[in-house]
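Written out below as C-alpha cells is the structure these notes cover.
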Amino acid sequence: MGTDNAKIKLLPWGKFNLPHGFYDTISMMRQPSYLVIFLLLIIGLSSCKNKGQLTDASKTDSTQEKVAKPNIVYILADDLGYGDLSAYGQQKFTTPNIDKLAEQGMLFTEHYSGSTVCAPSRSALLTGMHTGHTFVRGNKEIQPEGQYPIPDNTYTLAEAMKKAGYATGAFGKWGLGYPGSEGDPLNQGFDTFFGYNCQRLGHNYYPRHLWANTDSLVLEENSGKQKGIYAPQLIHEKTLDFIEFNKDNPFFLYVASIIPHAELAAPEEIMQKYRGKFPPEKAYKGVDDGPEYRNGPYESQKETHAAFVSMIHILDNQVGEIMAKLEQLGIADNTIVMFTSDNGPHTEGGADPDYFNSNGPFKGTKRDLYEGGIRVPLIVKWPGHVKPNTRTDHVSAFWDVFPTFASIADMEVPPSLDGVSFLPTLLGEEKEQKKHEFLYWEFHEKGGRQAIRKGNWKAVKYNVFASNEDQMELYDLDADIGEENNVAKEYPEIVEEMKLLFKEARTPSEVFTFDQGTYLSVE
C-alpha cells in the first residue's frame, strides 16, 4: 500500500449550495408580501458565503488566533544518554544541530524521564502522571505485535491538543497499544501515525513493515536480508510531510525517534564517515537468521562504536532538517521545539555507554533508577519567549510536559495530573515557578525498583519485596551527584519520611506488578 495515509486529509471549502426548499420559495416571490423575506434571505446567504471566503477583517482575526497558538514539536530520542550530546559534555563526537538548538533556547540540567524503559516513560509523558499513577507502568507484550494498551478512558496530551484545535501527528515508535486496540495512537488523540506500533519490532532498523495509520505498509525492499529502506529515514520524510501539510494550521508533532536504541545499525554511506575513528572497536554477535531475525533480537554488528556515532549523526541531522523546514515555511518563530530522551543509555546490542561516557557524571544506565537511568537532556527553543543560550536547574519530569503545553495552548487539564507546568521557567519568571514536593518512579522488572527525589535527597529501593528494612539507599545529590555515598544510616529521619512517601506515592496496579520478567533477559 502507498504511504499517502500518513498525511491528514483536510477538506477544502466547497462550492456554496442553496438550502433545501429554496426553489419553492422563489415560486412564492410572485406575491408581494414575500418580497421582503426573499431579499433578507439573499442578504443572509451572501453573508454566509462571505464567511466561507473570509473577509479581510476575518483573515486578520484568524491570523491573530494562529499567532496565539504556537505549533509544538516534541522530539523524543530513544535511549539517548545525558552525556550523548556535546551540549551536555560529550567529547568523542559532536551534535552540531542539537547544540544549535541549545544555543537558541534553554538547556535543562535537572530534567527526568517518565521511567527507565520505553513504554511507561511514554505513558507518563502522554498522561501527565508518574509511574505510581499512570496506567502503563512497564513493557508488556501483546503477541503477535504491540504492547498492553492505554485504556480508552485515559485522557491523553494528544486528545487535549486535538480538542484545543491542533492537528496531531505521531511519527516513530508508539508502544502503548497494539494495532486497532483502544491504545492505538489513532484512538488516543492522534490524527496521523506513521512508524512502528510495536517497540519490540522497533529494535530493528530494516523492518518488514511499518504502520501508516491503520494500514500495514509492507517494505518489499527489506524482504529476506535486503536492506533497501532504513526505517528512520522513511519516517523522517513523513514527518517533514506532516509539517508541510499543516503549515497553515496549529499542529502538535510528536517525533518518537527509535535512534539510538539497539540494534546498532546505520546506512553504509554514514558508516564510512566514522569507520576506524573509535578504536578499539567492539564486535557484537546477534541474531542474523531464522524465525527471530528482524523480529526483535538485534542483528550482529562488527563496528558498534562507529555504528552508534553514525546513528547519533543521523538523529542530529534530522533535528537540523526539521528546524530548516520550519524556517523554510516561515513558521519557526511561532513554533516551540523540545528535544529530550525517554530514558538513560542502553547496554544492548553491543552498545558501550562506558566508552562514550553516555551517562555523563551519573551512576547507572537504562533499567536503573539511579540518575544515569532517568536523568535526561531537555532543550527548549521558543523564539520571542525563551531567552537564547540559557540554562536552568529547575527540577522537572516528563509528567510536567502535559500541564506545560496546557498553559501555553489554553487546553483543558484533568485534575488528576501529577505534573507541574514549567512555563514560568521557560519565560524567565523563576519566582513564579511552582516546584514539586517530590518526584517518584517505579520499575517493574528485576525484582522491582522504586526511587524518590525530594529536594536534594534521593532515595532508591531495589528488590521491593525483600524483607530487609535496611535496603533503602539515600543520597544527597548536592554533595554526591554520582550516588556513591549511601547516607541512609546517618539520616534515619529522612529514611522514615521516604518510606512513607513510597507508600503514599502510588496506587496498586493489577496489570503491572513488580515481578515482571525482562525482555531478552537483559542484565
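Below, all heavy atoms of this structure are taken into account, side chains as well, without hydrogens, waters or symmetry copies.
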> Any ion pair linking Lys499 and Glu496 (charged N to carboxylate O, less than 4.0 Å)?
Replying inline: yes

>> Strictly below 4.0 Å, N to O, side chains only: are Glu445 and Lys140 in salt-bridge contact?
In response: no

> If you round to the nearest 0.5 Å, how far is OG1 of Thr127 from CG of Asp418?
Replying inline: 8.0 Å

>> Between Thr340 and Pro377 (side chain of the first, backbone of the second, donor and acceptor by atom type, cut-off under 3.5 Å), is there such a pair?
In response: yes

> Taking the side chain from Thr392 and the backbone from His394, do they hold a donor-acceptor pair closer than 3.5 Å?
Replying inline: yes

> Can Glu412 and Lys163 be counted as an ion pair, charged N to O under 4.0 angstrom?
Replying inline: yes

> Can Arg367 and Glu348 be said to form a salt bridge (charged side-chain N to carboxylate O under 4.0 Å, His left out), step by step?
Replying inline: CA-CA 11 Å; Arg367 294 188 174 84; Glu348 301 156 46; 2.7 Å; yes

>> I want to check a possible cation-pi pair here: Lys363 against Tyr370, using under 6.0 Å from ring centre and within 45° of the ring axis as the test.
In response: yes

>> For Phe108 and Phe422, I'd like to know if the aromatic rings sit close, meaning centre-to-centre distance below 6.0 Å.
In response: yes

> Cut-off 3.5 Å, side chains only: do Glu442 and Thr131 have a donor facing an acceptor?
Replying inline: no

>> When you measure from the side chain of Asp342 to the backbone of Cys118, do you find a donor-acceptor pair of N or O atoms at a distance under 3.5 Å?
In response: no

> Measuring from Met106:CE to Trp382:CH2, what's the distance to the nearest 0.5 Å?
Replying inline: 11.5 Å

> To the nearest 0.5 Å, how far apart are CD in Gln104 and CD1 in Ile379?
Replying inline: 11.0 Å

>> Regarding Lys458 and Asp480, does a basic nitrogen lie under 4.0 Å from an acidic carboxylate oxygen?
In response: no

> Is Gln188 reaching over with its side chain to a backbone N or O of Glu182, donor-acceptor style, under 3.5 angstrom?
Replying inline: yes

> For the rings on Phe438 and Trp457, is their centre-to-centre separation under 6.0 Å?
Replying inline: no

> Tyr82 and Tyr88: ring-ring contact (aromatic ring centres under 6.0 Å, His included), yes or no, with the steps?
Replying inline: CA-CA 7 Å; Tyr82 188 94; Tyr88 282 82; 4.8 Å; yes

> Between the main-chain N or O of Asp368 and the side-chain N or O of Tyr462, is there a donor-acceptor pair closer than 3.5 Å?
Replying inline: no

>> Donor-acceptor pair, distance only, cut-off 3.5 Å: does the side chain of Asn246 make one with the backbone of Asn249?
In response: no

>> Is the terminal nitrogen or CZ of Lys162 (NZ for Lys, CZ for Arg) located under 6.0 angstrom from the six-membered ring centre of Phe190 and within 45° of that ring's axis?
In response: no

>> Can you confirm whether the side chains of Ser407 and Ser421 place a donor and an acceptor under 3.5 Å from each other?
In response: yes

> Do Asn343 and Asp79 pass the side-chain hydrogen bond (donor to acceptor under 3.5 Å, both in side chains) test, and can you show the C-alpha distance, the side-chain angles, and the key distance before you say yes or no?
Replying inline: CA-CA 5 Å; Asn343 47 248; Asp79 295 3; 2.8 Å; yes

>> Nearest 0.5 angstrom please: Phe171 CZ to Tyr196 OH, how far?
In response: 15.5 Å

>> For Gly189, is there any backbone N or O sitting under 3.5 Å from a side-chain donor or acceptor partner on Glu159?
In response: no

>> Under a 3.5 Å distance rule, please check whether Asn97 uses its side chain to pair with a backbone N or O of Asp316 as donor and acceptor.
In response: yes

> Is there a donor-acceptor pair under 3.5 Å between the side chain of Asp99 and the backbone N or O of Ala87?
Replying inline: yes

> Got a second to check how far Ser113's OG is from Arg122's CZ, nearest 0.5 Å?
Replying inline: 10.5 Å

> Does the salt bridge (charged side-chain N to carboxylate O under 4.0 Å, His left out) test come out yes or no for Arg453 and Glu110, once each step is laid out?
Replying inline: CA-CA 11 Å; Arg453 175 170 177 177; Glu110 300 193 46; 2.8 Å; yes

> Should Ile322 and His236 be marked as a side-chain contact (heavy atoms from CB on, under 4.5 Å) after you check the CA-CA gap, both sets of side-chain angles, and the distance that decides it?
Replying inline: CA-CA 9 Å; Ile322 288 172; His236 178 59; 4.0 Å; yes

>> Centroid separation under 6.0 Å, is that true for the rings of His305 and Phe356?
In response: yes

> Within the distance-only criterion (no hydrogens, no angle test), does the side chain of Gln90 pair as donor or acceptor with the backbone N or O of Thr95 below 3.5 angstrom?
Replying inline: no

